[in-house]
Amino acid sequence: MADPFYLTTAINYPNGKPHIGHAYEAIAADVIARFQRLQGREVRFQTGTDEHGLKMARKAEEQGRTPRKLADEMSGYFRSMDEALGISYDRFIRTVEPDHHRASQAIWEAMERAGDLYLDRYDGWYSVRDEAYYDESELVAGEGDTKLSPQGTPVEWTVEESWFFRLSRYQDRLVELLNTPGFCEPERSRNEMLAFVSGGLKDLSVSRTSFDWGVKVPGSEGHVMYVWVDALTNYITGLGYPDDTEEWRKFWPANLHLVGKDIVRFHTVYWPAFLMSAGLEVPQKVFAHGFILNRGQKESKSLGNVTDPVELADRFGVANLRYFLMREVAFGQDGSYSAEAIITRCNAELANSFGNLVQRTLSMIAKNMSGELGELIPDAPDTALLDLVRSSCATDLPREFGVLAFSQGIEAWMQAVWACNRYVDEQAPWTLRKTDGERMKTVLQTLFVAIRDLAIAIQPVIPDKAGAVLDMLGVDADRRTYAHLAEEGWYSDLLASGFRVEPPAPQFPRLEMPQAEDA
Ligand code: MSP
């Protein structure tokens with residue numbers, strides 16, 4: 001049976017519409033999900049919205065509506081964003097769903113049974129924007145006399161009766177976990193968390209009494225769970241917890257929680273501690289990606305630079321947006337985007353390099369060979385090209401994608417695309433047409449085979465466009481995985497089927513530079 005792979009994104013706060021950071025995480029997770037499927041894994045991919053808590057309650061109050069109304073509307077935008085970006089999730093979870101309340105109460109009861117919950121009073125700082133408690137020692141000075149969280153968000157002094165979770169008990173086990181190779185990546189995040197845990201862990205306040213927009217604490221009138229307790233639980237709700245379901249047995253512990261670098265503490269400290277307390281296994285890996293900035297600046301309403309990712313996809317095309325985000329930024333680091341950067345990158349690599357290669361090759365086959373392919377008997381330069389393309393597509397790109405190094409993986413793929421273009425220039429099939437028709441056929445057929453490898457390999461990043469190219473090549477829909485790259489016989493089967501190359505429809509049109517004012 002195929003090896004299971006369970007992958008999640010953070011679930012987004014639907015207190016407003018999605019922004020580029022949300023799109024970035026969804027796209028990266030989707031690339032991973034598609035990559036693993038094409039590696040033959042049985043993938044489960046979950047994403048969704050995190051709808052409880054004070055942040056949602058306050059935003060709804062500002063707008064004079066109920067938190068549920070706000071959540072219903074905004075969650076819908078996240079779902080539409082996923083649709084527009086081609087996100088192939090298996091479940092889009094909303095934390096207001098009944099099965100999620102049930103799972104959250106079940107993990108609460110398990111932690112209670114373990115003796116890890118006790119009632120006390122919380123006296124301390126809270127950031128509503130981060131939905132996080134901070135110790136005085138973590139705060140930084142803001143303007144005037146104000147104090148800010150380490151994320152630069154406002155904090156308020158909070159006093160209320162609260163349930164506490166005995167986080168301090170888990171210190172040693174958490175240090176051990178953080179020292180487990182591969183559990184927390186990249187290194188920067190791991191070091192930050194090791195420093196945080198080694199500095200000493202205080203027990204964590206895990207319920208609120210000053211508002212009621214949350215999951216009710218079982219058996220404790222007036223308490224709702226701290227929003228992160230329920231939010232993190234989404235990862236197991238989606239597998240049927242607390243029931244012993246087939247999904248649960250197959251997919252837990254998760255292979256990967258993909259999150260942004262600002263929420264690593266919740267995923268590598270609080271979440272594993274909750275799971276250990278409840279007697280459940282911890283996830284195998286938490287990977288923290290960087291932040292995407294708009295021309296080097298964080299997007300914010302006050303700066304007026306908030307971009308709707310669906311509009312970006314409409315303007316540049318989904319494939320271009322996905323390609324740019326995965327190619328431009330080394331995964332794990334922060335990166336910047338602008339219209340010019342997207343256009344420059346996509347024109348150079350997709351339109352002028354890969355697109356042009358596909359267009360030129362298929363047009364020549366359609367025109368000069370009436371679309372008819374023949375047996376391929378490669379000569380030395382043809383074999384050299386095919387070997388190079390094969391090793392980029394079957395070895396280098398998968399190796400890099402396997403460790404989430406998307407930009408390096410795409411670089412290896414581009415090297416193969418450029419090699420194909422150099423080969424076209426060197427072999428000059430348009431000249432061969434007049435001098436050596438047989439050699440022209442060999443050259444074009446070599447390119448046809450190379451393009452099939454290239455299109456298969458790049459599917460996780462640009463699934464629709466790669467799929468359209470494979471359709472034009474006549475490659476069977478069920479013969480497009482990485483394992484199929486090495487498959488003998490696809491080409492002879494194609495010939496035997498009587499397939500003919502049609503004049504190709506351009507897949508990667510050049511993008512136009514915007515006018516100065518809307519750049
Ligand atoms: N609701 C919590 C997560 C709960 S997970 C159990 C939350 N939501 S969020 O909407 O603020 O952020 C969702 C994800 O988007 C997080 O992983 C966050 O790091 C990521 N990003 C938010 N802004 C971002 C950028 N500008 N760039 C890249 N990712 C960023 O946190």
Side-chain angles (χ1 to χ4, degrees), residues 7-29 46-56 59 70-71 74-75 77-78 81-82 85 87 91-96 100 103-104 107 127-132 149 151-153 189 192 214-215 225-238 254 256-272 274-275 283 286-301 303 305-309 312 321 325-326 328-337:
L7 154 78
T8 65
T9 66
I11 48 172
N12 304 307
Y13 292 126
N15 61 330
K17 289 188 182 179
H19 56 61
I20 187 76
H22 298 127
Y24 180 59
E25 187 171 304
I27 290 170
Q46 179 161 305
T47 188
T49 43
D50 179 3
E51 310 190 1
H52 297 124
L54 199 48
K55 182 159 139 143
M56 285 296 289
K59 176 61 85 183
L70 172 67
M74 292 300 160
S75 181
Y77 287 113
F78 281 88
M81 173 189 81
D82 284 348
L85 299 176
I87 309 303
R91 174 152 179 197
F92 185 103
I93 193 170
R94 296 188 56 191
T95 55
V96 293
H100 179 67
S104 304
I107 195 172
S127 158
V128 179
R129 282 253 293 276
D130 304 345
E131 294 282 20
S149 82
Q151 308 285 350
T153 57
S189 292
E192 203 183 302
V215 178
M225 288 180 203
Y226 168 40
V227 62
W228 274 98
V229 174
D230 99 71
L232 290 160
T233 304
N234 93 83
Y235 301 134
I236 57 177
T237 303
L256 175 63
H257 291 320
L258 185 66
V259 301
K261 64 176 185 179
D262 56 330
I263 57 171
V264 183
R265 179 188 298 189
F266 303 95
H267 286 83
T268 62
V269 180
Y270 301 164
W271 179 227
F274 297 161
L275 290 164
V286 175
F287 188 94
H289 61 74
F291 268 52
I292 292 296
L293 305 171
N294 184 336
R295 294 172 191 280
Q297 278 185 315
K298 209 169 165 168
E299 293 194 346
S300 78
K301 293 210 178 83
L303 286 172
N305 64 350
V306 181
T307 317
D308 178 347
L312 279 178
L321 182 63
L325 289 172
M326 293 297 100
E328 188 84 0
V329 184
F331 202 57
Q333 293 171 21
D334 293 346
S336 208
Y337 81 98

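Order of appearance sets the numbers: ligands from 1, and atoms from 1 within every ligand.
For atom 11 (O) of ligand 1, the closest heavy atom belonging to the protein is Y13 CD1, 3.4 Å. Nearest non-hydrogen protein atom to atom 6 (C) of ligand 1 is Y235 OH, 3.4 Å. Of all protein heavy atoms, the one closest to atom 26 (N) of ligand 1 is I292 O, 3.2 Å. Of all protein heavy atoms, the one closest to atom 18 (C) of ligand 1 is D262 OD1, 3.6 Å. Ranking protein heavy atoms by distance to atom 20 (C) of ligand 1, first place goes to E25 OE1, 3.6 Å. Ranking the protein heavy atoms by distance from atom 13 (C) of ligand 1 puts N12 OD1, 3.0 Å first. In this structure, atom 29 (N) of ligand 1 lies nearest to the protein heavy atom H289 CE1, 3.2 Å.
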Start with the C-alpha distance between L293 and Y337, add both sets of side-chain angles, then the distance that settles side chain to side chain contact (heavy atoms under 4.5 Å, CB included), and finish with yes or no.
-> CA-CA 6 Å; L293 305 171; Y337 81 98; over 6 Å; no
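Between H22 and H19, the ring planes lie parallel to each other; the angle is under 30°, not in the 30° to 60° tilted range.
Put simply, part of G290 is less than 4.0 Å from ligand 1, judged by heavy atoms. In this structure, F266 falls outside the shell of residues with a heavy atom less than 4.0 angstrom from ligand 1. Heavy atoms of H267 approach ligand 1 to within less than 4.0 angstrom. Remark: distances from the non-hydrogen atoms of W271 to ligand 1 are all 4.0 Å or more. A heavy-atom separation below 4.0 Å is not found between E131 and ligand 1. The closest approach between H19 and ligand 1 falls below 4.0 Å for a heavy atom of the residue.
Only the side chain of D50 comes within 4.0 Å of ligand 1, counting heavy atoms alone; its backbone N, CA, C and O stay farther away.
No N or O atom of I263 sits closer than 3.5 Å to an N or O atom of ligand 1. Looking at I11 next to ligand 1, an N or O pair under 3.5 Å apart turns up. Between W228 and ligand 1, not a single N/O pair is under 3.5 Å apart. When only interatomic distances are considered, the shortest N/O to N/O separation between G260 and ligand 1 falls below 3.5 Å. Considering backbone and side-chain atoms together, N234 places no N or O closer than 3.5 Å to any N or O of ligand 1.
Contact atoms of ligand 1 toward V259: 17 (O) (distance under 4.0 Å to a heavy atom of the residue). Listed by atom number, the atoms of ligand 1 under 4.0 Å from A231 heavy atoms are 6 (C).
Defined by atom type and a distance below 3.5 Å, a donor-acceptor pair is present between the side-chain atoms of T153 and S149.
Aromatic pair F287/F331: ring centres closer than 6.0 Å. Remark: aromatic rings of H267 and Y235 are close, center separation under 6.0 Å.
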